[in-house]
Amino acid sequence: MCKPKVGVYALTSCYGCQLKLATVSKILEISEAVSFESFYMLSSASTMAPDVEVAFVEGSVSTEKDLEELHEIRKHSKILVALGACSVNGGVQSWAEGDKKVSDLHATVYGTSKIDAAPLQATPISKHVKVDYYLPGCPPEEDEILYFISAFLFGTFPEPKDFPVCSECRMAGNPCILIERGEPCLGPVTTAGCKARCISHDVPCIGCRGPVPHNTSWFDSLASVFKAKGMSRESVRARMRIFGAHEPNLEGHLDKIYGGTK
Amino acid sequence: MRYVKISKADTYQFLERLKRRGTLYAPQKVSELSYDFKLLEDVKEIAFGYPRTIRPPRRFFYPAEETLFTFDTTRVELYEKMPEDETVVLFGLHSCDIVGLRIMDSEFMDETPDPYYQQRRKNSIVIGLSCLPDEYCFCNVRRVDFVDAGFDLFFHELPDGYLVRVGTVTGHKLTDESSDLFTRVTEQDINEMRAFETKRAGMFRLNGNWDSLRYQLELRMGHPMYDREAEKCLGCGNCTITCPTCRCYDVKDIPSIDGRTGERVRVWDSCQFRSHGLVAGPHNFRESKKDRFVNRYMCKNAYNRTTTTAYCVGCGRCTQFCPAGISFMKNLMEIGGYVEMIPE
Ligand code: SF4
Ligand code: SF4
Ligand code: SF4
Ligand code: SF4
Ligand code: SF4
């Protein structure tokens, strides 16, 4: 059997998604089944972008170099998968989107010192190249990583989840902490797949898996629930933007509930 | 039908003995406001006076996720994965949940026999428990507040124990095996039970019946309630996942990393999700959130066949567990023109 060539690449990120992929319990079986052409976490001999069948890209585009690399990767891969919250939704580094200029942020952090990377406002990779599949999570779930790779090996494709964490929370038999304690849980607007990991540990969801795709994240409905519980527009907006700053419906939905003022 | 009596103390003893008959699940408190059917390890942990559980009892026979079979594509073979032959004993189901199971039976056994469901269901023991309604209950207008089939035993609360209604041969055997725990019913017990029933009947917020509701719904498909309420909806599916009679599932193939084998699983689905109405094309029968919202109202009240007058048994879960605070009961009252009477 000829092994499919796979590349695992990182743009600006914490490398956690790559680490997660490198440490899934079946990584040896995966390495038997595919040929990793580039995967820094597994081999420092990795280089950038030889031709691959599948490229997994973690991280957001946050520097000029990221952007160049991303175009290179796209050019050399048949299937491109956005891996993790940064790649899919821009990640936490995107929170300043539309609010603060990247030059100001840069100056606040680095002052006048010279650094190599020319900064860009952090963006999800789909803003720049065509993305074939999205594998969300911060970091992604092991079973989903295996599902994606297995689906490619079978010559089929991974189905996206278009329903929220709430449904998994309920199936897990968790009491609802939004209903019972009024905590600002983002489970109703966040893509399922983690089996309500945080709520199962009694912590409200902060939306790390990103908004439910296909325009079925109802930020307006959730904002109106939060508003009724006495939460301010600012606090709701801040929370929804941790992993959702690039969501095109967010501001419009917030305006609808709280009125057009920030 | 036969009636016997058991004291409160002996009920614990009886629960202890039930553990020998199979895996025993019963309502237990899981948070400030919520209860769930859980494995009953310590019989003292049981919550006799619970209003409703988060998860409906159907999950014991129709789990939220199960593997139907595994497959090998190179050998072109399927390996069926039938459930273990174990007995599940469910103690403490309210009458609405018992009817909920009967509705499940009608879909998964009478209509299209489902071997997985059947296998789990055939050995099960179902024991009912009387209850007092809270603000979310409307089983009475659904006419399932008193259940006459679908249980092996039914425990009616008395001041000093339970009056136990025996429903099946299995129920007879259970009481016979523990004849040291059961006594004869006295005239006073019967009066106490009737007093309880009268008190209970007076606690419902609604009265009459909703048998005509399905027609009201068919006639008022364009009612403004749908626009107003669907707008609030989160599309989260909590209402369907907690419903004792929702039965929609999705079937998925999960391939293995060997590129050869895999498994076919079924998972609970919800009509509140976009892909539930998605077919090849890609056409969607229920394109908008409102379309999806309306579907549930019709499914629960107008699409049912013969088991009861509706597929909604009035348990109140979809309202209590809706994060958006949407009241199914109030919305249905609006369409049906029914009037609430708040009990004193
Ligand atoms: S706790 Fe959060 S995820 Fe769970 S049901 Fe409530 S809102 Fe949904
Ligand atoms: S519950 Fe929310 S924050 Fe936690 S892992 Fe799931 S999506 Fe992420
Ligand atoms: S529709 Fe709501 S009230 Fe009716 S049976 Fe389902 S969960 Fe209970
Ligand atoms: S169509 Fe909706 S309401 Fe009806 S059974 Fe399916 S999920 Fe439940
Ligand atoms: S539980 Fe409430 S918010 Fe969620 S889908 Fe059902 S009606 Fe909509």
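Chain letters run A, B, ... following the sequence lines, proteins first and then strands; every chain starts at 1.
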Using the rule side chain to side chain contact (heavy atoms under 4.5 Å, CB included), only one of A:Val88, A:Val189, A:Leu250, A:Asn89 pairs with A:Pro211; which is it?
A:Asn89

Against chain A, label B:Arg317 side chain, backbone, both or neither, depending on which of its atoms sit under 4.5 Å from a heavy atom there.
neither

So, B:Tyr62 versus B:Glu107: side-chain donor-acceptor pair below 3.5 Å or not?
no

May I ask you to decide whether A:Glu53 forms a salt bridge with A:Lys78, counting only side-chain N to carboxylate O separations under 4.0 Å?
yes

Does A:Arg209 pair with A:Glu144 as a salt bridge, N-O distance under 4.0 Å?
yes

The interface call for A:Ala223 against chain B, heavy-atom contacts under 4.5 Å, is neither

Indicate whether any N or O donor in one side chain lies under 3.5 Å from an N or O acceptor in the other, for B:Gln28 and B:Glu45.
no

Which answer fits A:Ser167, side chain, backbone, both or neither, if we ask what part of it has an atom under 4.5 Å from a heavy atom of chain B?
both

Does any backbone or side-chain atom of A:Ile179 lie under 4.5 Å from a heavy atom of chain B? Answer side chain, backbone, both or neither.
side chain

Given side chain to side chain contact (heavy atoms under 4.5 Å, CB included), test A:Phe36 with A:Ser43 step by step and report yes or no.
CA-CA 9 Å; A:Phe36 283 117; A:Ser43 163; over 6 Å; no

Salt bridge check, A:Glu251 against A:Arg233: does any charged N sit closer than 4.0 Å to a carboxylate O?
yes

Could you check whether A:Asp202 pairs with A:Arg181 (Lys NZ or Arg NE/NH1/NH2 to Asp/Glu carboxylate O, under 4.0 Å)?
yes

Max heavy-atom pair count under 4.5 Å with chain A, selected residue of B:Gly325, B:Ser31, B:Ala64, B:Cys322
B:Ser31

Expected contact set for residues 259-278 of chain B against chain A at heavy-atom separation under 4.5 Å reads B:Gly259, B:Arg260, B:Thr261, B:Trp268, B:Phe273, B:Arg274, B:Ser275

Does a salt bridge link B:Glu231 with A:Lys256, judged by any charged N lying under 4.0 Å from a carboxylate O?
yes

Greatest number of non-hydrogen atom pairs under 4.5 angstrom with chain A, of B:Leu33, B:Asp36, B:Thr53, B:Val30, falls to B:Leu33

Listed by number, the residues in residues 236-247 of chain B that come under 4.5 Å of chain A (heavy atom to heavy atom) are B:Cys236, B:Asn238, B:Ile241, B:Thr242

Side chain, backbone, both or neither: which part of B:Thr73 has a non-hydrogen atom closer than 4.5 Å to chain A?
side chain

I'd like to know which of A:Glu159, A:Glu32, A:Glu29, A:His214 tops the heavy-atom pair count under 4.5 Å against chain B.
A:His214

Counting heavy-atom pairs under 4.5 Å to chain A, which of B:Glu65, B:Lys289, B:Lys232 comes out on top?
B:Lys289

For B:Phe37 and B:Phe60: C-alpha separation, side-chain torsions, deciding distance, then whether side chain to side chain contact (heavy atoms under 4.5 Å, CB included) applies.
CA-CA 10 Å; B:Phe37 288 108; B:Phe60 295 104; 3.8 Å; yes

Of the listed A:Phe163, A:Tyr147, A:Phe154, A:Phe219, the one with the largest count of heavy-atom pairs under 4.5 Å with chain B is A:Phe154

Is there a donor-acceptor contact under 3.5 Å linking the side chains of B:Glu86 and B:Thr23?
yes

So, for B:Tyr297 and B:Phe328, is the gap between ring centers shorter than 6.0 Å?
yes

Do the charged groups of A:Lys26 and A:Glu142 touch, with an N to O distance under 4.0 Å?
no

Determine whether B:Thr319 and B:Phe138 satisfy the following criterion, side chain to side chain contact (heavy atoms under 4.5 Å, CB included), listing intermediate values before the conclusion.
CA-CA 11 Å; B:Thr319 299; B:Phe138 57 106; 5.6 Å; no

For A:Asn215, is it the side chain, the backbone, both or neither that has a heavy atom under 4.5 Å from a heavy atom of chain B?
neither

Between the side chains of B:Glu80 and B:Tyr116, is a donor N or O closer than 3.5 angstrom to an acceptor N or O?
yes

Interchain contact, A:Leu178 with chain B, by part (heavy-atom threshold 4.5 Å):
side chain

